[in-house]
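The sequence lines fix the lettering, A, B, ..., with proteins before strands; numbering per chain opens at 1.
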Number of protein chains: 2
Amino acid sequence: MEEKNDAAPEKKRRGRSARDQGLSRERVVEAALALIDAKGYASFSLRDVARELGVYPTAIYWYVTSRDELLVEVITRALGDLVPLPLPAKRWRDWLKELFHRYRSAVERHPNVAPLLGSQIISNASMNPAMVEAVLRTLLAAGFKPEELIHVYNTVITVMVGFVTLEFAGHGADQRDEWEQTLRMRYEELDHDAFPLLTANMPRMSNQAFIVRWKGGTNRALKQSFDRYIDVVLDGLQRQLVADAETEKRSRIESSGRSH
Amino acid sequence: MEEKNDAAPEKKRRGRSARDQGLSRERVVEAALALIDAKGYASFSLRDVARELGVYPTAIYWYVTSRDELLVEVITRALGDLVPLPLPAKRWRDWLKELFHRYRSAVERHPNVAPLLGSQIISNASMNPAMVEAVLRTLLAAGFKPEELIHVYNTVITVMVGFVTLEFAGHGADQRDEWEQTLRMRYEELDHDAFPLLTANMPRMSNQAFIVRWKGGTNRALKQSFDRYIDVVLDGLQRQLVADAETEKRSRIESSGRSH
DNA sequence: ACCTGAACACCGTTCAAGT
DNA sequence: ACCTGAACACCGTTCAAGT
């Protein structure tokens with residue numbers, strides 16, 4: 001147990017010498033992200049941030065208007081710049097692949113922010129329009145039609161966010177120990193007759209497949225799955241591109257046939 | 001503002017006549033889900049559940065050991081039975097499609113639970129092994145090789161969970177009004193020269209595309225995107241299946257060629 | 001302008017006590 | 001067995017006051 005008190009903030013600087021030249025929005029955000037990295041999101045509090053900075057909790061409000069606004073800034077900082085350098089139009093697959101990898105790397109560096117990525121308001125506010133613009137540019141250049149642009153765009157964003165959220169959310173130093181046992185036992189005591197495939201595949205699935213997980217930490221199998229997942233989606237998108245081009249060609253031939 | 005007090009629980013039954021024949025785990029979970037449906041997840045508290053049931057907050061602990069355990073039960077109840085009826089092996093695409101639609105429908109009925117789906121521990125604990133088993137059976141029957149089963153499985157789970165989490169999370173009666181303004185303004189004041197594609201596509205994107213959203217509520221464009229997304233992934237998976245079958249056939253021919 | 005300090009209205013959870 | 005009742009150690013946020 002740590003000593004926590006509501007009284008005067010500690011005047012002794014903790015390690016990184018807080019409050020040396022006063023607070024700033026930057027330093028508040030930095031401290032918040034550091035706390036989430038260290039102790040997880042579940043136990044995150046503004047009061048802890050204040051304690052870490054050696055100030056009263058209410059001092060935070062001079063720099064951010066609410067907890068949510070602070071969290072938006074934290075995610076923005078954690079994600080960093082996601083937009084890859086421009087590539088020739090034909091290399092749209094490579095460009096998207098790099099975008100996905102950049103996003104995953106960012107979350108891998110700050111896995112405890114993952115539970116926040118599911119929360120739309122916070123997630124939306126922390127993504128910058130430049131990224132949206134760049135995705136649209138890439139997709140249009142690749143040849144996707146304006147009418148279906150929105151659906152392809154939505155697919156791209158889900159692919160970027162969905163897997164990684166699931167991969168990293170709910171880990172960290174939080175309280176996982178109790179759940180670890182419960183979940184592990186649930187799968188250990190599984191009936192072989194009722195769940196033949198699941199029990200047979202337990203060695204290759206446990207802690208390497210979604211749902212069948214109870215331990216945190218990074219995991220090579222999931223990284224592989226992520227790459228495979230990306231390839232599946234890009235294959236699917238390319239197939240659509242080809243199909244569209246063909247129907248277009250066909251309809252051009254038909255209409256020119258009619259006109260003669 | 002509602003009247004909230006820490007004193008004695010209200011004895012007057014609220015609407016649905018709470019406490020008629022005593023509490024039960026079932027009734028606690030039901031009340032919790034009803035509260036989340038009505039007021040959103042952000043403001044959810046055990047104490048509110050107790051108030052709704054007309055008991056002291058601590059009475060809840062006779063039926064669940066913690067807030068997290070209650071939330072797991074809530075998700076389990078909200079998701080319901082996801083496993084589709086068995087289909088012939090060749091119809092694996094239809095089976096998966098129905099699984100995805102069942103999941104989406106469940107979350108659509110209880111959109112306020114969406115932020116919880118990102119949190120692994122809760123999400124994992126609320127999904128039953130029967131679903132995992134059924135997915136494995138379908139994928140193996142479809143012809144996916146045991147070595148890559150885990151990656152295809154992980155892809156399937158992400159597709160099921162990822163899009164819908166993003167689609168519904170962060171909505172409901174919560175506190176969205178303040179953010180609504182902030183986000184709307186951000187996109188309204190966007191520079192046309194710096195973001196030509198985004199500004200040009202605002203009419204078809206605003207509140208219908210991920211990130212470029214500020215209003216809650218269900219949305220037809222996103223449902224369409226979901227269906228397109230599913231098709232893209234299924235196309236990608238089928239392509240892999242075909243590619244695998246071909247390399248296998250080729251290697252069989254080669255080896256038989258060598259043996260003769 | 002920037003922070004203190006007190007206060008308000010909440011939380012989840014523990015534990016002893018009642019019936 | 002099931003719930004009350006008090007208590008503990010927290011929260012986010014508002015607002016007046018200090019410097």
Side-chain angles (χ1 to χ4, degrees), chain A residues 1-11 18-28 31-32 35-36 39-74 116 119 121-122 174-175 178-179, chain B residues 1-11 18-28 31-32 35-36 39-74 116 119 121-122 174-175 178-179:
Chain A
M1 298 293 149
E2 263 173 299
E3 83 300 349
K4 291 188 176 189
N5 52 358
D6 251 32
E10 320 219 348
K11 289 306 171 193
R19 209 189 182 191
D20 282 354
Q21 56 276 43
L23 283 182
S24 69
R25 187 167 164 113
E26 168 99 19
R27 292 197 53 221
V28 170
L35 264 175
I36 292 177
K39 311 195 179 178
Y41 171 66
S43 65
F44 174 77
S45 78
L46 288 185
R47 291 176 112 102
D48 270 348
V49 174
R51 262 187 287 269
E52 199 69 23
L53 293 166
V55 298
Y56 278 77
T58 49
I60 305 289
Y61 285 83
W62 188 258
Y63 300 98
V64 294
T65 65
S66 69
R67 181 188 148 105
D68 276 352
E69 191 185 296
L70 175 54
L71 289 175
V72 167
E73 284 303 301
V74 166
L116 286 164
S119 170
I121 351 124
I122 288 168
D174 275 85
Q175 85 301 31
E178 306 160 32
W179 282 104
Chain B
M1 295 296 147
E2 263 171 299
E3 82 301 353
K4 290 189 176 185
N5 52 356
D6 252 31
E10 319 218 353
K11 289 307 171 193
R19 210 189 181 187
D20 284 353
Q21 57 277 44
L23 282 183
S24 70
R25 187 165 163 113
E26 168 98 16
R27 293 198 53 222
V28 170
L35 263 174
I36 292 176
K39 310 194 178 180
Y41 171 66
S43 66
F44 174 77
S45 78
L46 288 186
R47 292 175 112 102
D48 269 349
V49 175
R51 261 186 289 269
E52 199 68 25
L53 293 166
V55 297
Y56 277 76
T58 49
I60 305 287
Y61 284 83
W62 188 258
Y63 300 97
V64 294
T65 65
S66 70
R67 181 188 149 104
D68 276 352
E69 192 186 294
L70 174 55
L71 289 175
V72 167
E73 285 302 300
V74 166
L116 287 165
S119 169
I121 350 124
I122 287 169
D174 274 84
Q175 84 301 34
E178 304 161 32
W179 282 104

Re C:dC11: Watson-Crick or G-U wobble partner, both distances kept under 3.5 Å, found to be none
Using whole Å, what does the distance between atom P of nucleotide C:dC11 and atom CG of B:D68 come to? 17 Å
What is the distance from OH of A:Y41 to C1' of D:dC11, rounded to the nearest Å? 13 Å
Side chains of B:L70 and B:T65 in contact at under 4.5 Å (non-hydrogen atoms): no
Using whole Å, report how far CZ of B:R47 lies from C1' of D:dA6. 11 Å
Taking only side-chain nitrogens and oxygens of A:Y63, does any of them come within less than 4.0 Å of OP1 or OP2 of C:dC3? yes
Nucleotide nearest B:Y56 (side chain, heavy atoms from C-beta), chosen from D:dT4, C:dT4, D:dG12: D:dT4
Verify side-chain contact (heavy atoms from CB on, under 4.5 Å) between B:V74 and B:I122, making sure each step is shown before the conclusion. CA-CA 10 Å; B:V74 166; B:I122 287 169; over 6 Å; no
Give a yes/no answer on whether the side chain of A:R25 brings an N or O atom under 4.0 Å of OP1 or OP2 in C:dC2. no
Distance test, side-chain N/O of A:W62 to OP1/OP2 of C:dC2, below 4.0 Å: yes
Distance, rounded to the nearest Å, where A:L46 contributes CG and C:dC11 contributes C1': 14 Å
In whole Å, what is the span from the CZ atom of A:R67 to the C1' atom of D:dT14? 18 Å
Check this for me: does any side-chain nitrogen of one of A:K39 and A:E52 sit under 4.0 Å from a carboxylate oxygen of the other? no
Whole angstrom value for the distance that separates P of D:dT13 from CG of A:D48: 15 Å
Distance check needed: D:dC2 P versus B:I60 CD1, whole Å only. 14 Å
Paired to D:dC3 by Watson-Crick or G-U wobble criteria (both distances under 3.5 Å) is none
Please check if the side chain of A:R25 supplies one atom and the backbone of A:Y63 the other of a donor-acceptor pair under 3.5 Å. yes
Worked verdict on A:V72 versus A:V64 for side-chain contact (heavy atoms from CB on, under 4.5 Å): CA-CA 10 Å; A:V72 167; A:V64 294; over 6 Å; no
Spacing of B:L71 atom CG relative to C:dG12 atom C1', expressed in whole Å: 12 Å
B:T58 side chain near D:dT4 phosphate (N/O to OP1/OP2, under 4.0 Å): no
Considering only side-chain heavy atoms of B:Y61, which listed nucleotide, C:dT14, D:dG12, D:dT4, is closest? C:dT14
